[in-house]
Structures are given as C-alpha cells and as structure tokens.
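One structure is given below, encoded as structure tokens.
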Amino acid sequence: MIKCLIWDLDDTLWQGTLSEDGEVALRPGVREVLGTLDHRGILQSIASRNDPDRASQKLAELGVDHFFLYPQFGWGSKTDSIRKIAQEMNIGTDSLAFIDDNPYERYEVNMYLPDVYVYEAGAAAELPELPEFQFAISEETFKRRQQMMARWVRNTAEQRFSGTREEFLHSCDMRLSIRGARNGDLLRMVELASRTTQFNNLVQAPSTSFIQSYMDSEGKYIYVGQVKDRFGDHGIVAMAMVNVHDSAAEIELFCISCRMEGRGIGTAFLGAVLSRIQQERPLLTEAVCRYRPQERNRPALLLLQLLGFRCSLQGQQESNYTLLFPYTYSGPEWIRLGNGKGVSLND
C-alpha cells in the first residue's frame, strides 16, 4: 500500500522547465490527481533539482503548494531525497511511490531503492485507478495531511524546546482514551491494520468482515485508543483484538500508528488495555500475545518486552509471549488516560 507519492516537477508535475522559461503550467489532470490522492489520505512530497525559493513560489502561484510535505530541492541524488522524505515521515520506502519524466532518475531509484513504486510522468493521470492507490477511506483518512503537518509542528517545537525530553512530552498535553470498538470504527481499524508495519504483532491486515464478525463473537473484544494533544485531534491511533477464554486473555492482534512512535503511546495503550481486562475479569491469570517476526515489526516485540511479556513458546514462524497477572499499569506519566484520573472505561 502506498502511503506517499513523491513528485518530480519539470515535465512531470508541470509542463516545461522552470529554470528555462518560468511560464510552466500543471500537466493535464494533475490537479485532480493531487486532490484525489489527498482525499484518500495518501501523502505527497517533492524531489526536484529546482531552486527551492523559485519552485515554492511557483507551486503557490499554481495553488497546489499545500499538498506537499517535506519537499526536497537541490542538486543531489533523487535517491537521497526520497530517503530523507521517508525518514521525515517515518514510513518505509516500500510504502513510497516516485514519478519522474527522466528515465535516468527512475532507473537510479529502481537500482538503489527497489521497493519504491516508480512511474513515468505520462502515467500521472491514471495513478488513482491503480490498485496500490486504492483502499478503504475512513474519517481519519481525510485528516492525514493535517495530522502530518501537526507532527511537523510538534517536531519543530521539540527542536526549539530548551528543556529535557520528558519536560517537552509533558508540555504536549497528551490525552489517551480507551474504549470498545463501534461499528463506525470499522473502516479506520482496517486502514490502521493495513498501514501499520512497525507496531503490528503479526503484520496482518484483517478484512472489514472479519473485524465485524470478531465484534459480534462471544468472548472477543476490540479496544481502540484515541489521542489528542496540544497540536490537535489524532483520532484512532491504536487497536487491540482480544480473545478471552479460560483463564487467559489472548491479544490476537494489536496495531499502533507509526506516527505515534517515540511518545510512549504504545506502552500507554496496551498497558491500559491490560489493566482494563484485569479489572473487569479478576479471575484471569495471564495475557498471551502472538508475535510473528517480520523485517519491520521488531518495535512490536520491544513493546511487548517493555510491558513485561516473556517468550513462553518459541517457534520458527511465530512465537507466544506471556504476561502473568496481576499486572500494574505503569505507563508514561506525561500521558493522561481518559479524564486524567485513570483508565477510561467508557464503551
């Protein structure tokens, strides 16, 4: 699934070469493509060898500058620019796409970043019809660019903050609420599971019908976590599918948005879910979580270990990690849960 499309400018986003004539115009259909992809929550950026001031001014004149996050200008390698964008957005290169009119640039990106989707400029108008650009759209989808902008503002504020990292996190006023999933959350949960590769214990994306059947099954529960901070409302950023049977609570799948990395949201969310399960079902003796190692989801294992899970069954393809009850919540103190007085128990 593509999370970000990176555009070249000259003879790709627009017709003509800005440094030669300056009177460039958007290629036919490009404005519509920008709007469609933005509506679907696909982020967009730029890798161009144009002068940054002149290119930014032209993008503003054309009325499309607001679509692009972390644009990279300069005479260096497009491959380096793409890596920089991936780093800034905290997404893998296998979730990136690149479009350029120059076959040399496309060849270089294919050679050094073979997992990046690469398209020639003439394909621009057809991109929204390709399967890799299509997926379920939720309420959070429409906010993705604004949420990424809020992340950029937060990062900038952190860089300028003179206190400690912990003091900065306290100043962000993060609030996390935990509740049971509702039917209106279905599309967002499918989207979250399909887009999350780092904090996903199975790197698995369940279908809408599977999640619906899970919600309707006896002894099975889905919890979602919503986050707000001084920078805005981030919506649903975490989910956990829990099957309670006998004396154990099995966390079959958990997903936490990668854009929440580094704030302690994962620890707070799963810790709060475990506390809630334990409070509501005091006879349970343990929580069990499966973990399927993949190239990118080691952060999910580190999160389990941080919470106190230990390997109880080692397998080649999949392992079980177990946490014995009673469990005491000890999440980051800079994250308020629910109303700030404890774990939110609202459904």
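The figures here come from the full heavy-atom set of this structure, side chains too, leaving out hydrogens, waters and symmetry mates.
- Under the side chain to side chain contact (heavy atoms under 4.5 Å, CB included) criterion, P293 pairs with Y291, not counting sequence neighbours.
- Ionic pairing of R336 and D173 is present here: one or more N-O contacts between side-chain nitrogen and carboxylate oxygen are shorter than 4.0 angstrom.
- By the side chain to side chain contact (heavy atoms under 4.5 Å, CB included) test, P71 pairs with I46, F73, sequence neighbours left out.
- Pairs passing the ring pair (Phe, Tyr, Trp, His ring centres under 6.0 Å) check and including a residue from residues 99-129, sequence neighbours excluded, read Y119-F133.
- Using cut-offs of 30° and 60° for the angle between ring planes, the Y214 and F210 rings count as tilted.
- Applying the salt bridge (Lys or Arg N to Asp or Glu O under 4.0 Å) criterion to D80, with sequence neighbours excluded, gives R83.
- The side chain to side chain contact (heavy atoms under 4.5 Å, CB included) check on T93 picks up A86, L96, L113, D115, V116, with sequence neighbours excluded.
- Closest heavy-atom contact between L284 and A249: CD1-CB, 4.0 Å.
- Scanning all heavy atoms of the two residues, the minimum distance from V33 to A125 falls at CG2-CA, 3.8 Å.
- C255 places none of its side-chain heavy atoms less than 4.5 Å from the side chain of F199.
- Qualifying salt bridge (Lys or Arg N to Asp or Glu O under 4.0 Å) partners for E250, counting only residues two or more places apart in sequence or in other chains: R290.
- Look at D38 and R40 and you find no salt bridge, because none of the NZ, NE, NH1 or NH2 atoms lies under 4.0 Å from a carboxylate O.
- A salt bridge links K78 with D8; the closest basic N to acidic carboxylate O contact falls under 4.0 Å.
- Between R179 and D185 a salt bridge is recorded (basic side-chain N to carboxylate O distance below 4.0 Å).
- Geometric assessment of R263 against the ring of F269 yields a negative cation-pi assignment under the 6.0 Å and 45° thresholds.
- Using a 4.5 Å heavy-atom threshold, the side chains of R27 and W14 count as separate.
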